[in-house]
Amino acid sequence: MNKGLQYAPLTKDAAACEAVEQSPEFTAFLKSVRGLYEVALQQNETVDIVEDDFAALAEEEAGLGNKSDSDLRELQSFSHLNYCAGRIIAAIDWQPVARALVVAVSCAQRLNFEERVLVSGKVHTGYVLLWSFADPITPQFVLHAPGDVFAFKFCPSNPDIVVGGVTSGQVVVWDLAKARTAAIELRAITGDEVTPEEGGSSSIMVKPMYVSAVDASHRATVTDVAWLPHTADLSDRGRFGLKAEPGKQELFATMAGDGQLLFWDVARARELTQAPVEGEEGQKKKKEGWGPTYRMPLTIPGDAKEQRGVLMALDLLDSAEAQSSLLCGSEEGDLVMASLANPGSEGPPRGVTSVLPSHCSPCTALRKSPFVKGVHMTVGDWTFNIWKEGVTAALFSSPFASALLTCGCWSPTRPGVLVVGKMDGGIDVWDLMDRYAGVGREGLWPKGVSEPAVGAEGAGVARRQGKGVASCRVEQGGRAPSRGKGLRFQTGTGCAAFRLRAGWAGGSKRPGRRLV
């Protein structure tokens, strides 16, 4: 074999080399290989022959298109020196049926557990700010509350009514219409310019219209609020029914870590404040204050242990014979399913029907699929799970992420696409229709973000902790300032920021590719 191998280059003098170059055999050889080496030179111009193929393959699987297609740029940010400095975004919600794009955020004190225990008995003011895209400097309304607000919701049928829950467990109701009318009358008296249109130069301060009694409220911080349909009716004994004629939407539910699900009626609070006090019974009700219409403990029938829920999803059906149900994520990371069946009806009795272990830390998001009935997503610790009603095991469990997952939401336009936020300030976009189970990643802010919400028309929002994405919601009816679909986030500094990615609606039809 050594005779057939050449270990050193052959050396010839200049005369011998010139004789070879001038020989007819060498000329014929060059003519025969001319086409081959021209093709090779063209390939070298288009393909990097020294590139690491495995590294390039991994990068191609992680992303789709060029980098400019996947960048998120900030569209608009909201911040106020007095109300946002040194605070975190604790909750967020879009104002429905608004003339302009309006988003509300609650600003809570940046306190750890020990610090919050020390100030738990002290009175302090919490704020909910309503921002308009027409004026990113001054909020339209500033809602005052007797404590930090960690959950609030607009009434879907009346955008001027807002309900929220504070750290003391109390429930607060604000009326924006009355505050707007009072502000216009005050400006007319003082001679200031009357600006009936929202978005003026000064903010309107809104005091609570109704506040629940401490003894009749939750024993822990209110963590979630949900409005009941305007067709639903609820008796004092907790019997659900349908109204003969649909009226105002005034029933809502609240959840806290005390293991209680409370149902409230705004009409009862109005009766207590407006009706004259007559007799001992009337004076007793006036003294007790506003309380819930019905109180439901989250317990398994026959077991006194309460499930400490933090997030909920109500499923109240539109017929009197149908069974209503409740989904909630607990502080232990379990997915709790409960029945809201009326007493005496067929089916399982009212109470918790199943507790499915889901995460090893509290659930940070619980979202129903907007396309597939009975399919839900839970987010907690480093993973998210996809569940289906009637199945005791998760349909899909994501691999462990590089950081804790703090929120998640479904895409309102694509059934298999969902977004999860992480503690390190990044987001992951998953396409479950991809057989490769790929994930697209995007880093956003070094301090982390809070709740992202994807808007159907291009808007999105974010909220909660000082670090990381906390929770997210899908906004179906928001109107976008741009035609591209996007995400909105709140940072840990109390400043709301919008980031928009062009072409969200089109996205990638090939699953598992990078979408943002």
Pair R268 + E250, salt bridge at N-O below 4.0 Å: no
Spacing of W387 atom CH2 and L366 atom CG [to the nearest 0.5 Å]: 11.5 Å
S330 side chain to Q307 backbone, donor-acceptor under 3.5 Å: no
side-chain contact (heavy atoms from CB on, under 4.5 Å) against N82, all qualifying residues, sequence neighbours excluded: H80
Residues which pass salt bridge (charged side-chain N to carboxylate O under 4.0 Å, His left out) with R350, listed by chain and number, not counting sequence neighbours: none
Set of residues satisfying side-chain contact (heavy atoms from CB on, under 4.5 Å) with respect to S217, sequence neighbours excluded: Q170, S212, W264
Plane angle bin for F133 and F78 - parallel if under 30°, tilted between 30 and 60°, otherwise perpendicular: perpendicular
Ring pair (Phe, Tyr, Trp, His ring centres under 6.0 Å) involving F384 - partner list, sequence neighbours excluded: F396, W430
With E331 via salt bridge (charged side-chain N to carboxylate O under 4.0 Å, His left out) - residues at least two apart: R308
Listed partners of A216 passing side-chain contact (heavy atoms from CB on, under 4.5 Å), at least two apart: A213, P292
Salt bridge (charged side-chain N to carboxylate O under 4.0 Å, His left out) involving R295 - partner list, sequence neighbours excluded: none
Atom pair OG1/CD1 of T138 and I204 - distance to nearest 0.5 Å: 12.0 Å
Sequence neighbours excluded - ring pair (Phe, Tyr, Trp, His ring centres under 6.0 Å) pairs with any residue from residues 108-127: Y83-Y127, Y127-H144
Salt bridge (Lys or Arg N to Asp or Glu O under 4.0 Å) contacts in which one or both residues fall within residues 137-152, not counting sequence neighbours: R87-D148, R116-D148
Sequence-distant partners of E306, side chain to side chain donor-acceptor pair (under 3.5 Å), two or more places apart: Q260
Expected output: side-chain S339 to main-chain S325 donor-acceptor under 3.5 Å: no
Side-chain donor/acceptor of N342 to backbone N/O of F240, under 3.5 Å: yes
Listed partners of C328 passing side-chain contact (heavy atoms from CB on, under 4.5 Å), at least two apart: M255, L298, M312, V336
Set of residues satisfying salt bridge (charged side-chain N to carboxylate O under 4.0 Å, His left out) with respect to E115, sequence neighbours excluded: none
Pair R239 + D233, salt bridge at N-O below 4.0 Å: no
Heavy atoms from other residues, nucleotides or ligands near NZ of K248 exceed 12 (cutoff 6.0 Å): no
Sidechain-backbone polar pair: S358 side chain, D334 backbone, donor-acceptor under 3.5 Å: no
